[in-house]
Amino acid sequence: MEHIFEKGKEGNEWTLLLLHGTGGDENDLMPLAGMIDPDASVLSVRGNVNENGMNRFFRRLAEGVFDEEDLIFRTKELKDFLDDAARKYGFDRSKVVAVGYSNGANIAGSILYHYENALNGAALLHPMVPLRGINLPSLKGIPVFIGAGKNDPICSAQEAVDLEKDLSGVGASVEVFWTNMGHQLTREEVEQASVWFKKKVKGEDS
Ligand code: MLT
């Protein structure tokens with residue numbers, strides 16, 4: 001998969017896996033990594049699916065209606081890529097935290113829905129439930145941050161509520177941060193994600 005890898009500062013073992021929204025690319029979320037943990041390694045990936053010139057991480061049949069077969073295939077593809085990248089670049093595979101926006105949040109969510117121990121945490125910004133009616137693996141103690149807009153017309157508030165319920169139900173430690181905004185990413189939620197990362201992922205006091 002097309003990607004950018006930037007090694008973090010010596011002594012920082014964390015890797016942020018950045019996953020863009022529909023129509024974006026691997027450059028989009030790079031500034032977010034700097035806000036969340038400027039010293040962490042960064043692996044920023046471009047979605048392999050092309051929808052009328054727009055990059056995505058999996059196919060959809062209509063807005064908000066996912067091609068489930070492709071979603072499952074692409075989820076495995078991304079997980080395998082992550083395993084290969086860890087070997088290639090030498091980062092700690094057990095310290096990877098996804099930061100995904102919209103379609104990127106949905107594929108990150110899908111990794112959590114399908115694989116145990118594939119991610120050590122995830123910040124899901126404007127996510128949906130990736131797949132309904134499946135049994136999730138145990139996500140005991142995995143920290144998850146959900147950034148949601150009460151007026152998001154694409155990823156509705158109910159999606160965030162249901163996602164929180166599913167993930168908490170299998171033991172994830174989920175924090176939901178609400179704004180009154182729509183689908184756009186806000187500075188406020190990224191700042192909150194940064195606080196969450198320090199406290200809940202790295203276990204720092206302040
Ligand atoms: C998706 O297709 O993943 C969601 O509808 C969000 C988006 O439009 O990217």
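Every value quoted in this text rests on a predicted model; they were computed, and no experiment measured them. Note that these values count all heavy atoms, side chains included, but never hydrogens, waters or copies made by symmetry.
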### Task
Can you establish whether the number of heavy atoms outside Glu116 located under 6.0 Å from its atom CD is more than 12?
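Yes, because the 6.0 Å sphere around CD of Glu116 holds more than 12 heavy atoms from other groups.
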### Message
Evaluate Met181 against Glu188 for side-chain contact (heavy atoms from CB on, under 4.5 Å), listing each step before the verdict.
### Response
CA-CA 11 Å; Met181 307 294 279; Glu188 219 184 336; 5.6 Å; no
Say you draw a straight line from [atom1] of [X] to [atom2] of [Y]; how long is it, rounded to the nearest 0.5 Å?
{"X": "Asn103", "Y": "Thr22", "atom1": "CG", "atom2": "OG1", "answer": "4.0 Å"}
{"X": "Asp37", "Y": "Phe197", "atom1": "CG", "atom2": "CZ", "answer": "5.0 Å"}
{"X": "Phe81", "Y": "Asn48", "atom1": "CZ", "atom2": "CG", "answer": "9.0 Å"}
{"X": "Glu175", "Y": "Glu164", "atom1": "CD", "atom2": "CD", "answer": "10.5 Å"}
{"X": "Asn117", "Y": "Ser94", "atom1": "CG", "atom2": "OG", "answer": "9.0 Å"}
{"X": "Ser156", "Y": "Met128", "atom1": "OG", "atom2": "CE", "answer": "7.0 Å"}

### Task
Show your working on side-chain contact (heavy atoms from CB on, under 4.5 Å) between Asp80 and Lys76 and close with a plain yes or no.
CA-CA 6 Å; Asp80 291 346; Lys76 182 173 187 308; 2.6 Å; yes
### Message
Suppose the criterion is ring pair (Phe, Tyr, Trp, His ring centres under 6.0 Å): which pairs have a residue in residues 116-144, not counting sequence neighbours?
### Response
Tyr101-His126, His126-His183
Any chain of hydrophobic side-chain contacts (each under 4.5 Å) joining [X] to [Y]?
{"X": "Phe177", "Y": "Met35", "result": "yes"}
{"X": "Leu18", "Y": "Ile111", "result": "no"}
{"X": "Ile4", "Y": "Val45", "result": "no"}
{"X": "Val96", "Y": "Leu125", "result": "no"}
{"X": "Val99", "Y": "Val201", "result": "yes"}

### Query
Any side-chain donor paired with an acceptor under 3.5 Å for Lys79 and Thr75?
no
Mind checking whether [X] and [Y] have side chains closer than 4.5 Å, heavy atoms only?
{"X": "His114", "Y": "Leu131", "result": "yes"}
{"X": "Val65", "Y": "Arg60", "result": "no"}
{"X": "Lys202", "Y": "Asn12", "result": "yes"}
{"X": "Phe91", "Y": "Phe5", "result": "yes"}
{"X": "Arg93", "Y": "Leu82", "result": "yes"}
{"X": "Gln158", "Y": "Val161", "result": "yes"}
{"X": "His3", "Y": "Glu26", "result": "no"}
{"X": "Leu29", "Y": "Leu16", "result": "no"}

### Task
Applying side-chain hydrogen bond (donor to acceptor under 3.5 Å, both in side chains), name anything that partners Asn151, two or more places apart in sequence or on another chain.
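In terms of side-chain hydrogen bond (donor to acceptor under 3.5 Å, both in side chains), with neighbours along the sequence ignored, Asn151 is linked to no residue.
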Looking only at non-hydrogen atoms, find the nearest pair between [X] and [Y] and report the distance.
{"X": "Trp178", "Y": "Val176", "result": "NE1-CG1, 3.5 Å"}
{"X": "Leu19", "Y": "Ala98", "result": "CD1-CB, 4.4 Å"}
{"X": "Gly24", "Y": "Asn55", "result": "O-ND2, 2.8 Å"}
{"X": "Val97", "Y": "Trp196", "result": "CG1-CH2, 4.1 Å"}
{"X": "Ala105", "Y": "Pro127", "result": "CB-CB, 3.9 Å"}
{"X": "Pro130", "Y": "Asn106", "result": "CB-O, 3.7 Å"}

### Query
Does Glu159 come within less than 4.0 Å of Arg132, counting only side-chain N to carboxylate O?
yes
### Message
Please determine whether a side-chain nitrogen of the Lys or Arg among Asp84 and Arg87 lies less than 4.0 Å from a carboxylate oxygen of the Asp or Glu.
### Response
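Looking at Asp84 and Arg87, the cut-off is met.
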### Task
Without swapping roles, check the side chain of Asp70 against the backbone of Arg59 for a donor-acceptor pair under 3.5 Å.
yes
### Query
Are Leu163 and Tyr113 close enough, and set up right, to give a side-chain contact (heavy atoms from CB on, under 4.5 Å), and what steps lead you there?
CA-CA 10 Å; Leu163 184 62; Tyr113 270 52; 3.4 Å; yes
### Task
May I ask you to decide if the ring planes of His20 and Phe57 are parallel, tilted or perpendicular, using 30° and 60° as cut-offs?
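Rings of His20 and Phe57: tilted, 30 to 60°.
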Under 3.5 Å, which donor-acceptor pairs do the side chains of residues 134-146 form with other protein atoms, sequence neighbours left out?
unit_1, atom_1, unit_2, atom_2, d
Ser138, OG, Lys140, N, 3.4

### Task
May I ask you to check if Arg56 and Phe58 form a cation-pi contact, with NZ or CZ under 6.0 angstrom from the six-membered ring centre and within 45° of the axis?
yes
